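Down below is the structure, laid out as structure tokens.
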Number of protein chains: 2
Amino acid sequence: MDQATAEERLLDAADTLFYERGVQAVGMDAIRQASGVSLKRAYQLFPSKEHLVEAVLRRRDRAVLAGLQAYTSARATPAARILAVFDYLDDWFRQPDFRGCAFINSYAELGGVSEGVAALVRGHKRAFTAHLAALVAAAGEPPALADQLAILANGAMVTAAVTGSPEPARQAADVARRLLEPAQGVT
Amino acid sequence: MDQATAEERLLDAADTLFYERGVQAVGMDAIRQASGVSLKRAYQLFPSKEHLVEAVLRRRDRAVLAGLQAYTSARATPAARILAVFDYLDDWFRQPDFRGCAFINSYAELGGVSEGVAALVRGHKRAFTAHLAALVAAAGEPPALADQLAILANGAMVTAAVTGSPEPARQAADVARRLLEPAQGVT
DNA sequence: CAGTCGGGAGAACGATCGTTCTCCGGCTGC
DNA sequence: GCAGCCGGAGAACGATCGTTCTCCCGACTG
């Protein structure tokens, strides 16, 4: 097994286990067993568990944003691209191993004790909101809508995780549709 | 020190430390030191750390819902009572030690490995949504609004925690105000 | 006032964790 | 074919954790 596939297998195993059980509940030996990569090799690829945790988050950050990009850019109109975000959530929430947003979970578990993890989570959510802001700007909607949609999306993630139901995706999409209607109060 | 105050001091110290650093990052000895209650006494009040964690969550559940009740019932009109939820969040987010919702954090950290914690978090969020549902019903709004407000509130909590800003409370309130306007599409 | 009992301080214990080291087998270059 | 080395398996190590035990002081009861 060459170095690249060992690294990939390690990241795959660590990602799955961390997401399922949380970071602190997973020992390095469980990652070794799940990945098939020896501890010695693991430690020469990632000098500590914290490095591995951060590498997992960095890879997931890229994957999530790429997936979201693919989902939204497939739609025809700017408004449809905004609503596609919630279709993306709906698909995600229906996956049987869904257990919330790995970044929110990591922040909750480690944000208070690991500045590295906290910074990565902040960066991911900032990038997520920036993606929404680009969609909002392309749709000619007011910039304030981006933060509102981000709150909706994050809220749907945690609510779906806690309740174990995919319903929040549809409920958040309903709200988003209301926000895309022309405003009433101001004329 | 009698039994009741020992229990209260334990719960106070454990609550503060768990909230600051997470549950697994806090050892029983740190709780002993912060509370001034001996380990022996602690273990005859709570037979294990897991019991203590669950007792902390149960007490916080009561406190949060009572605080919310006080906040919302102080307003005059049904619509104002709904919007008061977001004033409550705004006050909360501005507290210097704010680090997100303890229930969401606990679920993220332990929901995958402790069924007791997961059940308590589900119960708290269900009660929170039920409170919103009561306000929504009293305002004569459609029942679907309650779940939408819950998503908004939960989203504001995690977004405020990750970004470290109280802004999400106001942004979520803006969305809630839009939802309280009469709907447009359906006439 | 003497004896008993509850509680405090902290050591002790077994388990587990992150990390490193040892030993050994198999592949590579001459 | 053989010496040298890289990597795997797993033991070892020190730290820390949850939990229990020991020792001792101080207070209450007859």
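Just so we're clear, the structure is a prediction, and the values are computed from it rather than from any experiment. Lettering follows sequence order; numbering is per chain, from 1.
- Rounded to an integer number of Å, the gap from B:Leu52 CG to D:dC17 P is 15 Å.
- Straight-line distance from the CG atom of A:Asp2 to the P atom of C:dT28: 14 Å, rounded to whole Å.
- Within the structure, the side-chain hydrogen bond (donor to acceptor under 3.5 Å, both in side chains) test picks out the following pairs touching residues 140-149 of chain B (sequence neighbours left out): A:Gln171-B:Asp147.
- At whole-Å resolution of the value, CD in A:Glu50 and P in C:dG18 are 12 Å apart.
- Contact check on B:Arg32 versus B:Asp29 returns a salt bridge, with a Lys/Arg side-chain nitrogen under 4.0 Å from an Asp/Glu carboxylate oxygen.
- For the pair B:Leu45 CG and D:dT19 P, the computed distance is 14 Å after rounding to whole Å.
- Figure legend: A:Arg60 and A:Tyr19 shown as a cation-pi pair, the cationic atom lying under 6.0 angstrom from the six-membered ring centre and within 45 degrees of its axis.
- Computed from coordinates, the A:Arg9 CZ to D:dG7 C1' distance equals 14 Å when rounded to whole Å.
- Distance, B:Gln24 CD to D:dA15 C1': 17 Å, rounded to whole Å.
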Using a cut-off of under 3.5 Å, enumerate the N/O to N/O pairs linking the protein to nucleotides 7-11 of chain C.
{"unit_1": "C:dG7", "atom_1": "N7", "unit_2": "B:Lys40", "atom_2": "NZ", "d": "3.4"}
{"unit_1": "C:dG8", "atom_1": "OP1", "unit_2": "B:Arg41", "atom_2": "NE", "d": "3.3"}
{"unit_1": "C:dG8", "atom_1": "OP2", "unit_2": "B:Ser38", "atom_2": "OG", "d": "2.8"}
{"unit_1": "C:dG8", "atom_1": "O6", "unit_2": "B:Lys40", "atom_2": "NZ", "d": "2.8"}

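- The residue among A:Pro47 and A:Ala25 whose nearest nucleotide of DNA chain C is located toward the 5' end is A:Ala25.
- Atom pair A:His51:NE2 and C:dT19:C1' shows a separation of 14 Å (rounding to whole Å applied).
- Taking CG from B:Asp97 and OG1 from B:Thr16, the interatomic distance works out to 8.0 Å, rounded to the nearest 0.5 Å.
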Verdict with supporting geometry, B:Asn154 and B:Lys125, side-chain contact (heavy atoms from CB on, under 4.5 Å) | CA-CA 9 Å; B:Asn154 286 328; B:Lys125 288 303 180 189; 2.9 Å; yes
Hey, can you pull the donor-acceptor pairs under 3.5 Å for the side chains in residues 70-79 of chain A, sequence neighbours left out?
{"unit_1": "A:Tyr71", "atom_1": "OH", "unit_2": "A:Asp91", "atom_2": "OD2", "d": "2.6"}
{"unit_1": "A:Thr72", "atom_1": "OG1", "unit_2": "A:Leu68", "atom_2": "O", "d": "3.0"}
{"unit_1": "A:Thr72", "atom_1": "OG1", "unit_2": "A:Gln69", "atom_2": "O", "d": "3.2"}
{"unit_1": "A:Thr72", "atom_1": "OG1", "unit_2": "A:His131", "atom_2": "NE2", "d": "3.2"}
{"unit_1": "A:Ser73", "atom_1": "OG", "unit_2": "A:Gln69", "atom_2": "O", "d": "2.8"}
{"unit_1": "A:Arg75", "atom_1": "NH1", "unit_2": "A:Asp87", "atom_2": "OD2", "d": "3.0"}
{"unit_1": "A:Arg75", "atom_1": "NH2", "unit_2": "A:Asp87", "atom_2": "OD2", "d": "3.1"}
{"unit_1": "A:Thr77", "atom_1": "OG1", "unit_2": "A:Ala80", "atom_2": "N", "d": "3.1"}

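- Rounded to whole Å, the distance from CE on A:Met28 to C1' on D:dT16 is 18 Å.
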